[in-house]
Amino acid sequence: MVRIQVKHGGGSEFLYDTESTSSVEEIAKDVTEIANLQSKIERLSLQLEPHLSPLLHSDSKVMALARALSEARSYASKNQVIHNKPLSIYVLRDHIRSVENAFAEAYSLFGFSNGSLQNLFPDLELIQERTIQLWWAGKELEKGKKLCDYIGKNEKTKVVIRLQSPMISPASITGGESSCK
């Protein structure tokens, strides 16, 4: 298993595990989805926490929402990198579902008109897989290639990749290049 540390926008980062034989397209798809889910959880926290504080001890529904939000935020935190814990798309989705369910139970207590969380981040710009670039060692990882074309066959490698839109010039991340023939 190759451990990839993905850095993206505004200091966000996470760990992602994959095989060295994974295609760049597969990796791009997965890390884009993880980054977007991580952004959604951050936005939910920013939007909901001010509403939770005044009502926190008044209703069990509010406490359930605060707990679900806290667990989601903790799991999606960039502190997971420090603890060497990779993020999972499936666990992130489950956390968002838990927050959605708890919000659906408590939304009226906050004065919201409906129980949909989508209204809380209408301007959230999600990363589009087709527009991103993955950079490693100052080089763009080309679609159509495999990770092992860049790092070799070693499955116990740790790689730092920068996820960015094509308009930003890459910051070089040190590392070597090898072939996986």
- Quick one: closest heavy-atom pair of Gln133 and Trp135, and the distance? OE1-NE1, 3.0 Å
- Within a radius of less than 6.0 Å around NZ of Lys85, do more than 12 heavy atoms belonging to other residues, nucleotides or ligands occur? no
- From Leu134 atom CG to His8 atom NE2, the distance as rounded to the nearest 0.5 Å: 12.0 Å
- Message: If the condition is side chain to side chain donor-acceptor pair (under 3.5 Å), which residues does Asn154 pass it with, not counting sequence neighbours?
- Response: none
- residues 17-47 vs ring-ring contact (aromatic ring centres under 6.0 Å, His included), sequence neighbours excluded, gives none
- Message: Using only atom types and a distance under 3.5 Å, with no angle test, would you say the side chain of Arg3 pairs donor to acceptor with the backbone of Asn84?
- Response: yes
- Message: Per the side-chain hydrogen bond (donor to acceptor under 3.5 Å, both in side chains) rule, what does the pair list look like for residues 26-36, sequence neighbours excluded?
- Response: Tyr16-Asp30, Ser23-Glu26, Glu33-Arg93
- Message: Suppose the criterion is ring-ring contact (aromatic ring centres under 6.0 Å, His included): which pairs have a residue in residues 71-91, not counting sequence neighbours?
- Response: Tyr75-His95
- Message: Nearest 0.5 Å, please: how far is CD in Glu13 from CD1 in Ile161?
- Response: 13.5 Å
- Task: Using the test salt bridge (Lys or Arg N to Asp or Glu O under 4.0 Å), find all partners of Arg67 that sit at least two apart in sequence or belong to another chain.
- Result: none
- Salt bridge present between Lys146 and Asp149 (N-O < 4.0 angstrom): no
- Counting distance only, does the side-chain N/O of Ser70 pair as donor-acceptor with the main-chain N or O of Ala66 below 3.5 Å? no
- Task: Decide whether Val91 and Val31 are clustered together by the hydrophobic rule: side chain heavy atoms of Ile, Leu, Val, Met, Phe, Trp, Tyr closer than 4.5 Å, transitively.
- Result: yes
- With sequence neighbours left out, write down each residue that passes salt bridge (Lys or Arg N to Asp or Glu O under 4.0 Å) with Asp59, or none if nothing qualifies. none
- Query: So, for Lys40 and Ile96, which heavy atoms are closest and what is the spacing to 0.1 Å?
  - Reply: CB-CD1, 4.1 Å
